[in-house]
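Have a look at the structure below, then the notes.
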Amino acid sequence: MTLDRATPMVKFAGVTKRYGRLTVIDGLDFAIAHGEKVALIGPSGSGKTTVLRMLMTLERIDGGVIWVEGEPLTHVERGGRLVPADARHLRRVRGKIGMVFQHFNLFPHMTALKNCMEAPMTVLGLPKHQAAERAAELLDMVGLAGKKNHYPSQLSGGQQQRVAIARALAMRPKVMLFDEVTSALDPELVGEVLNVIRKLGAEHDLTMLMVTHQMGFAKEFADRIAFFHRGKIEEEGKPEEFFGNPKNERTRQFLRAVLDAV
Amino acid sequence: MLWDWGYALEILPVLGQAAIITIEATLLGFAMAAVLGLVFAILRMLGPAVAWPVSMLIELVRSTPLLIQIFFLYFVLPKFGVTLDAFTAGVLALGLHYATYCAEVYRAGLENIPRGQWEASIALNLSLYTTFKDIILPQAIPPVVPPLGNYLVALFKETPLLSAIAVLELMQTAKILGSETFRYVEPITLVGALFLAMSLVSAALIRQVERALGRRFVR
Ligand SMILES: Nc1ncnc2c1ncn2[C@@H]1O[C@H](COP(=O)(O)OP(=O)(O)O)[C@@H](O)[C@H]1O
Ligand SMILES: [Mg+2]
C-alpha cells in the first residue's frame with residue numbers, strides 16, 4: 001500500500017457502536033487528513049468521546065472499520081477479507097495514537113518525569129538516560145522544567161494536564177486525541193493548557209482530534225469543525241463558514257446555546 | 001502449689017525451640033498466602049474462562065475447615081503419590097487457606113484503582129504485564145497492607161492446628177511436655193504467653209510497615 005499525504009491519517013468507515021440496545025455511533029463515515037486539526041463539538045451525549053475512545057481502542061466497535069494510515073486498526077486482512085484484529089495487532093497500530101484525558105489520569109505514584117519515562121522505557125525499550133532526556137525535553141516544552149520531580153498531587157490541574165500531554169508525546173504518536181482536556185480545570189488554568197496545544201500545532205506535524213467546548217479556541221485552532229448530534233456528524237466545515245454561516249438548524253440551536261452560556 | 005517456677009524455667013528453652021518452628025510455619029505460610037492470593041486475585045480479573053475455576057477453588061477452600069485441609073494434604077495426598085512431611089503439609093495448608101482470604105483483600109485493592117489508570121496504560125500502549133507491575137499493583141497494594149497484616153496475625157494464631165499432624169510447634173511441644181510430667185499448667189500458660197508476646201510484636205511491626213508505605217506516597 002502506498003502512503004502519501006492523500007491517504008487519510010484516520011478513516012472511520014461505516015463505524016457503529018452500541019451499548020446494549022442504544023446505538024451511540026451510527027454508521028460514522030469520517031476521514032482526517034495528515035496533519036489536520038479537527039475539533040469535535042456537539043451536545044453532551046452525542047458520541048464525541050466515544051469516537052476518540054474507539055480510535056484509542058478503549059472501546060470495541062460493533063460495525064464498520066477504522067483505518068489508520070491506510071491500514072485497518074480494528075481489523076486485519078486475512079484471505080482478502082477483514083476479520084476483527086487480535087490484541088497484538090491493536091497494540092502495534094495504536095502505537096501511532098496518543099490520548100489526553102479530561103481527568104489527566106496521571107500515575108499518582110510517579111513523579112512528572114517518571115510519568116513521561118514509563119512507556120518509552122517499557123514499550124519502546126529506550127535506555128533510562130535516553131528516556132529521562134526525552135521526558136525532560138518534553139516537560140520543558142510544556143513549561144514544566146522546574147516540576148520534573150514533583151508528584152501529580154503537588155501540581156495544579158493545569159500543570160497535571162500539561163504533564164499528561166508531555167507523557168503522551170513521549171511515545172511520538174502521529175495522532176493526538178484530546179477529550180475535553182480543559183473541562184476539569186479552573187477557568188484561570190485553561191489558557192496555559194490551550195497554549196501548549198497551540199504550540200504543538202505550530203511546531204509539530206501532528207494530526208489532532210479534539211473534543212472541546214471552547215468554541216473560541218476551536219474556531220481559531222482547528223482546520224475543520226465537526227458537529228455531532230446523536231452519534232452522527234450533522235454538519236462540518238471550515239471554522240469561518242461553520243461558525244459564520246451554519247446551515248443546519250440543530251447547529252444553529254447548539255451554537256446559540258453555548259454562546260449564550262458564555 | 002499450682003505454679004512451679006523451677007519447672008517453668010526448665011521447659012522454657014524447649015518451648016523457645018518450638019516457638020521458632022511456629023514462627024517459621026507462620027512466615028512461610030503467609031509468604032505463600034500473600035503471593036498465591038495475589039495470583040488468585042489477578043487470575044480472577046482475566047476473563048470468565050480463567051476466573052471461574054479459580055473462584056471454584058477459592059470457594060471450596062473457604063467452605064471447609066483448615067484442619068480438614070491439613071489432614072487432607074498430610075494423609076490423603078500420599079494415596080495419590082504425593083508424600084509431604086508434616087511441616088511442609090502444614091505450611092502448604094496454611095498458605096492455601098489464607099491465600100483465599102488474601103485474594104479477597106487484593107481484589108478490593110485492585111477494584112479501587114480508577115478506570116482511568118487502566119485507560120491511560122492502554123493509551124500509552126503498556127503491556128498487560130507492565131500495567132500490573134508498574135501501574136496497578138504499586139497503587140493497589142499499599143492500602144491493603146493493614147488487612148493483610150490482620151491475616152498474618154490470624155494465621156499465626158492458627159498454627160497450633162499443626163499439632164494435629166504432630167508438627168513440633170509450640171502447642172504440640174507443650175502437649176508432649178504435659179503428658180511426660182502430668183503438669184499442664186506451666187507449658188500451656190507459657191505457650192499462651194509466648195503467643196501473646198509474639199502477637200504484640202508483630203502488630204507493632206505491621207504498623208511500622210504501614211507507616212513506611214504511607215511515606216512512599218506524597219498525596
Ligand atoms: N460505558 C457506557 N455504557 C453505556 N452507555 C454509554 C457508555 N459510555 C457512553 N455511553 C452513552 O453513549 C452516548 C455517547 O456518550 P459520549 O461519547 O460520552 O458522549 P459525549 O462525549 O458527546 O458527551 C451517551 O448517551 C452515553 O450515555
Ligand atoms: Mg465526552
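Naming convention: chains lettered A, B, ... in sequence-line order (proteins, then strands); numbering from 1 in each chain.
The number of heavy atoms from other shown groups lying within 6.0 Å of OH (A:Y19) is above 12. Atom NZ of A:K37 is surrounded by more than 12 heavy atoms from other residues, nucleotides or ligands within 6.0 Å. Counting heavy-atom neighbours within 6.0 Å of A:R172 CZ, excluding the residue itself, gives a total of 12 or less. Summarising the local packing, NZ of B:K157 is surrounded by 12 or fewer heavy atoms from other residues, nucleotides or ligands at distances under 6.0 Å. The 12-atom threshold is not exceeded at CD of B:Q17, counting heavy atoms of other residues, nucleotides or ligands nearer than 6.0 Å.
Looking at heavy atoms from C-beta onward, B:D134 lies in side-chain contact with A:E118 at the 4.5 angstrom threshold. Looking only at side-chain heavy atoms (C-beta outward), A:M110 and B:P138 stay at 4.5 Å or farther from each other. Looking at A:M56 and B:E119, their side chains never come closer than 4.5 Å, going by heavy atoms from C-beta outward.
At a 4.5 Å heavy-atom cutoff, the contact between A:F101 and chain B is made by side-chain atoms alone. Only the side chain of A:L58 comes within contact range of chain B, with at least one heavy atom under 4.5 Å from a heavy atom of that chain. Neither the backbone nor the side chain of A:L177 comes within contact range of chain B, judged by heavy atoms closer than 4.5 Å. Contacts of A:R53 with chain B are made by side-chain atoms alone, with heavy-atom separations under 4.5 Å and no backbone atom involved.
Of the listed residues A:L106, A:I97, A:T57, A:V100, the one with more heavy-atom pairs under 4.5 angstrom with chain B than any other is A:L106.
Here CG of A:L90 is found 10.0 Å from CD1 of B:I122. Values are rounded to the nearest 0.5 Å. Atom CD1 of B:I135 is separated from atom NE2 of A:H109 by 4.5 Å, given to the nearest 0.5 angstrom. The CG atom of B:L126 sits 7.5 Å away from the CE atom of A:M171 when rounded to the nearest 0.5 Å.
Contact between B:A123 and A:M99 at its shortest, heavy atoms only, is CB-CB, 4.2 Å. Nearest heavy atom pair, residue B:L124 against residue A:A168, reads CD2-CA, 4.3 Å.
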